Amino acid sequence: ATLNEQSLVMKACHLVDGEARAAYKTTQLDIRTYKKLKMFIHAESSDAAAPLNNGDMTAFIRLGSDFTDNYYEYEIPLAITQPDDNGREQVWPEANNLEITLDELVNAKVQRNNAQVASPSTVSLLTPYVIPLANGRKITLRGSPNLSNIRVLMIGLRNPRDPGGNGPEICGEVW
């Protein structure tokens with residue numbers, strides 16, 4: 001059975017470098033029979049004094065058996081709608097369409113597992129394994145996530161500006 005479509009508005013302020021805020025739902029899902037997961041995203045700055053530019057904020061979805069140790073995460077940089085934008089393509093830019101082919105997640109796990117057995121290897125189940133994709137998107141996995149036993153769905157926003165911690169705080173709103 002499929003679930004009804006739902007909508008969500010998230011507003012996050014004072015996000016420092018690398019910090020994220022998220023909404024989550026606990027569940028019990030087996031999504032192996034599905035091929036894709038799609039989500040359409042609109043993003044805008046919520047602080048006129050510090051407007052966001054494209055890529056200043058990312059959105060992510062995390063699927064796993066728990067929040068921190070066994071998950072797949074798919075992250076995309078967001079195109080920001082400006083206050084005077086009103087066309088459909090500006091408000092719902094194609095760049096913000098999150099579309100995951102679930103085989104990508106399985107293939108990422110296979111790639112990580114192969115890297116783990118390579119000699120010498122620094123890859124571990126205990127640390128996040130990141131696979132960069134096109135257009136600044138990335139897949140991260142940790143532990144041993146399983147698409148047949150999804151217990152946690154998390155959708156969030158992240159400040160990716162400067163991993164060194166020297167970038168400014170951001171404020172944004174996403175629908």
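Worth saying up front: this structure is predicted, and the values here are computed from it rather than measured. These values consider heavy atoms only, across backbone and side chains, with no hydrogens, waters or symmetry-generated copies. Sequential numbering from 1 along the given sequence is applied to the chain's residues.
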How many angstroms lie between [atom1] in [X] and [atom2] in [Y], if you round to the nearest 0.5 Å?
X: E99; Y: K38; atom1: CD; atom2: NZ; result: 4.5 Å
X: L98; Y: K36; atom1: CG; atom2: NZ; result: 12.0 Å
X: I139; Y: N107; atom1: CD1; atom2: CG; result: 8.5 Å
X: N159; Y: R21; atom1: CG; atom2: CZ; result: 10.5 Å
X: Q82; Y: S45; atom1: CD; atom2: OG; result: 8.0 Å

With hydrophobic residues grouped by side-chain heavy-atom distances under 4.5 Å, do [X] and [Y] end up in a single group?
X: V152; Y: Y74; result: no
X: V110; Y: L102; result: no
X: F67; Y: F60; result: yes
X: Y72; Y: L125; result: no
X: Y129; Y: V106; result: yes

Is [X] reaching over with its side chain to a backbone N or O of [Y], donor-acceptor style, under 3.5 angstrom?
X: K109; Y: P145; value: yes
X: T81; Y: Q90; value: yes
X: D56; Y: N53; value: yes
X: N135; Y: R137; value: no
X: D85; Y: I80; value: no
X: N96; Y: L78; value: no
X: Q111; Y: A108; value: no
X: H42; Y: V91; value: yes

Run the side chain to side chain contact (heavy atoms under 4.5 Å, CB included) test on I150 and D30 for me, step by step, so that the C-alpha distance in whole Å, both residues' side-chain angles and the decisive distance to 0.1 Å come before the verdict. CA-CA 6 Å; I150 302 295; D30 179 349; over 6 Å; no
Taking side chain as C-beta onward, heavy atoms only, is [X] less than 4.5 Å from [Y]?
X: S7; Y: F40; answer: no
X: M10; Y: I155; answer: yes
X: I61; Y: L153; answer: no
X: D66; Y: T68; answer: yes
X: L133; Y: E104; answer: yes
X: E89; Y: E94; answer: no

Taking atom types as modelled, is there a side-chain donor on [X] or [Y] under 3.5 Å from an acceptor on the other?
X: R112; Y: N114; value: no
X: D103; Y: T101; value: no
X: E75; Y: T58; value: yes

Shortest non-hydrogen separation from [X] to [Y] and the atoms involved:
X: G55; Y: P77; value: CA-CB, 4.2 Å
X: A12; Y: L157; value: CB-CD1, 4.0 Å
X: E44; Y: L52; value: O-CD1, 4.2 Å
X: S121; Y: V123; value: OG-N, 3.1 Å
X: N70; Y: S144; value: OD1-N, 2.8 Å
X: S65; Y: R151; value: O-CB, 3.6 Å

The single option from R158, K138, R142 passing side-chain hydrogen bond (donor to acceptor under 3.5 Å, both in side chains) against E73: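 Single side-chain hydrogen bond (donor to acceptor under 3.5 Å, both in side chains) partner of E73 among R158, K138, R142: R158.
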Given the rule in the side chain to side chain contact (heavy atoms under 4.5 Å, CB included) test, do I31 and L63 qualify, once you have shown the distances and angles that lead to the verdict? CA-CA 10 Å; I31 62 172; L63 311 165; 4.2 Å; yes
Side chain to side chain contact (heavy atoms under 4.5 Å, CB included) for L29 and N149? Distances and angles first, verdict last. CA-CA 6 Å; L29 289 175; N149 187 28; over 6 Å; no
May I ask you to check whether over 12 heavy atoms, not counting those of Q28, lie within 6.0 Å of atom CD? yes
